[in-house]
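A short write-up of the structure that comes next.
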Amino acid sequence: MNLEGKHILLGVSGGIAVYKACELLRLLQKKGAEVRVCMTEAATQFVAPLTFASLSKCPVYLKNGAMEARPFQHIDFPRWADLYLVVPATANVIGKFVYGIADDPVSLCFMSCTCPRFVAPAMNVAMYKSPAVKRNLETLRNFEDTFVMESPAGELACGEVGKGRLLEPAQIVECLERFEARGTRLENASERHPGPRQSQGSFQGDKARGRHPGGDSRRDPQQSEAARYLQETALLDLPASARTSNLEPQAYKVLITAGRTEESIDPVRYISNRSSGKTAVAIASTFLANDFDVEVVAGPMEAEFPGGVHVTKVRSAQQMHDAVLAKQSETDVLVHCAAVADYRPKVAAAEKIKDSRSQLILELEPNPNILRDCTAARRSAAKDSRMANQVIVGFALETDHFKEHAAEKFAKSGADALLLNAPVASDSGFGFDEVRYTLIRQNSEISEMKMGSKFDLAQEIVDFVENKLGASK
């Protein structure tokens, strides 16, 4: 979308994510847009109105007004706007939108504006999942000209993990650009608001906003296509009647391997791989936030899983292999994230090996390949069994010749996807929150690895799994 010269009204309600609205304002300005701001009283407790006034170079519309304010800002600001963007949108203000309560600048502007409205929720996961908020968001998604942005899973400001995060400012701008790219061309604002008050330039005209001859308020098919495209890219959250996903809450079970395995040399020594378990925790948390039933088979690890995750603890690769194969027939998704030792001592000493400082030779034998054994079990399953449509995701940790080694492992594994990651770095990987990674899919070229958080990595896996499960129904 070309934002050059467009008028964007930014509504800011009170939550910890308010500070991101400042960054969003600057990004919109860099795209050439002119931005004005309205704020709830609660929002002013997080960021002073003077900050937004300085950035926007325009007085902020506040409940108590300002010396420069005009008496009809609740009408003038929305009519001036080509687009109304509410960032962040709290549970409180979303409820006001749904029930027609207009007692602050943000809700007043929402009620009186006739341009497209984008709402970006941000709140604690418990609030986001509450029946009231779920109902209000579903109602809001069905409002004409109103689009609810996705609220991705991740670590929240309160320290909890789950859905409720605000989309990043760059993603919000991307959402607007993609919407226009899949929507219709911009039209003149005077078609929407004839009269001397109105500014020139528009986000979309009446036809684009779904107004059909005879007063029919159904969404225009072209606009619906744009919205569906955004929903597929996890930026917009559509009403239930328009969603492309066939997944039902709590309908699917995911089994994740986590941590590392330890192979005994004697009662006090062992062979192992490095793993803190942070990646597996991010994956489990993100599946949980997306309404999957989550079970984990975990070797030793430092990170802790959130409540709601069922954990079976093991130590060795053989124990993990046996536990996963025993549970495989009861699960819809397998994610092999654990750092499993490839070899184990052929014989483990019953007593501690004495330190004689002489050379010690360990004879090793290979551990079972859990990923390959799971894909083999899936292949041999009956066509009508649950396992026949299982989605299996593997992991490949490489330190050199990344693509070549990962492609070879992927071909041998039989998995549906393989997460290639390179965690050996001074500021990422083992024990850190970020990692270099790329998700390899069947019949697709291997894209370049990117640096991202482990929750970003987890969300890519969840998105892939949901699309795969949806396609198999």
Side-chain angles (χ1 to χ4, degrees), residues 10-21 24 38-43 45-46 84-111 117-168 171-172 175 227 230-231 234-243 245 247-251 285-294 306-308 455 459 462 466:
L10 178 59
V12 183
S13 63
I16 190 62
V18 169
Y19 74 95
K20 290 187 177 181
L24 174 62
C38 58
M39 300 177 71
T40 65
E41 188 173 355
Q45 304 300 309
F46 291 91
Y84 185 29
L85 189 58
V86 183
V87 180
T90 61
N92 183 55
V93 81
I94 288 168
K96 290 182 180 181
F97 294 164
V98 169
Y99 289 100
I101 299 171
D103 61 354
D104 63 70
V106 174
S107 57
L108 278 164
C109 287
F110 185 89
M111 182 170 288
R117 301 173 291 197
F118 282 76
V119 178
M123 64 196 74
N124 173 268
V125 60
M127 298 174 68
Y128 188 80
K129 286 189 168 186
S130 71
V133 170
K134 282 185 175 180
R135 182 185 63 243
N136 289 344
L137 285 174
E138 188 61 31
T139 302
L140 197 61
R141 293 181 192 110
N142 286 287
F143 276 24
E144 185 182 4
D145 298 343
T146 303
F147 302 92
V148 178
M149 293 183 175
E150 180 59 51
S151 190
E155 187 172 358
L156 306 175
C158 60
E160 295 184 25
V161 174
K163 277 197 168 186
R165 285 173 59 88
L166 179 70
L167 271 182
E168 293 302 318
Q171 291 178 296
I172 293 173
C175 182
L230 288 170
Q231 192 260 344
L235 293 175
L236 277 191
D237 201 359
L238 292 186
S241 58
R243 288 177 196 152
S245 173
L247 303 186
E248 295 295 331
Q250 298 298 338
S285 300
T286 306
F287 270 109
L288 191 66
N290 283 272
D291 296 318
F292 282 74
D293 183 5
V294 182
F455 280 100
Q459 190 62 56
V462 172
E466 288 190 332

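All figures in this text were calculated on a predicted structure; none of them were measured in a lab.
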Those residues at least two apart in sequence (or on a different chain) that pass salt bridge (Lys or Arg N to Asp or Glu O under 4.0 Å) with Lys129 are Asp291
Quick one, Leu10 and Cys38 - any side-chain contact, counting heavy atoms below 4.5 Å?
no
Tell me whether Glu138 is salt-bridged to Arg141, with the criterion being a basic N under 4.0 Å from an acidic carboxylate O.
yes
Under the side-chain contact (heavy atoms from CB on, under 4.5 Å) rule, what do Met149 and Leu85 come out as? Steps first, then yes or no, please.
CA-CA 10 Å; Met149 293 183 175; Leu85 189 58; 3.8 Å; yes
Can you list everything that forms a salt bridge (Lys or Arg N to Asp or Glu O under 4.0 Å) with Glu168? Sequence neighbours excluded, please.
Lys20, Arg165
Nearest non-hydrogen partners of Val12 and Pro88, listed with the distance:
CG1-CD, 4.1 Å
Looking at every non-hydrogen atom in both residues, tell me the closest pair between Phe110 and Val119 and how far apart they are.
CE1-CG2, 4.2 Å
Atom CD of Glu41 and atom OG of Ser13: how far apart are they, to the nearest 0.5 Å?
13.5 Å
Nearest heavy-atom pair of Asp104 and Val106: which atoms, and what distance?
OD1-N, 2.9 Å
To the nearest 0.5 angstrom, please state how far the CG atom of Leu24 sits from the CD atom of Gln171.
11.5 Å
Decide yes or no for Phe147 and Arg117: does some side-chain heavy atom of the first lie under 4.5 Å from some side-chain heavy atom of the second?
no
Measure the CG-CG distance between Asp103 and Leu108 for me, rounded to the nearest 0.5 Å.
7.5 Å
Identify the two heavy atoms, one from Phe97 and one from Ser107, that lie closest to each other, and give their separation to 0.1 Å.
CE2-CA, 3.7 Å
Is it true that a side-chain atom of Tyr99 and a backbone atom of Ile94 form a donor plus acceptor pair closer than 3.5 Å?
no
Gap separating the CD1 atom of Ile172 from the CG atom of Leu166, nearest 0.5 angstrom
4.5 Å
If you take all heavy atoms of Thr90 and Met123, which pair is closest and at what distance?
C-CE, 4.0 Å
Check for a donor-acceptor pair, side chain of Ser130 on one end and backbone N or O of Tyr128 on the other, with a separation under 3.5 Å.
no
Begin from the C-alpha positions of Asn136 and Thr139 and carry the test side chain to side chain donor-acceptor pair (under 3.5 Å) through to its verdict.
CA-CA 5 Å; Asn136 289 344; Thr139 302; 5.4 Å; no
For the residue pair Phe46 and Gly14, what are the closest heavy atoms and their distance?
CE1-C, 3.8 Å
Determine the interplanar angle of the Phe287 and Phe292 rings, folded into 0 to 90°, and report it as parallel if under 30°, tilted if 30 to 60°, perpendicular if over 60°.
perpendicular
Report the residues that fulfil side-chain contact (heavy atoms from CB on, under 4.5 Å) with Met111, sequence neighbours left out, ordered by chain and then residue number.
Ala102
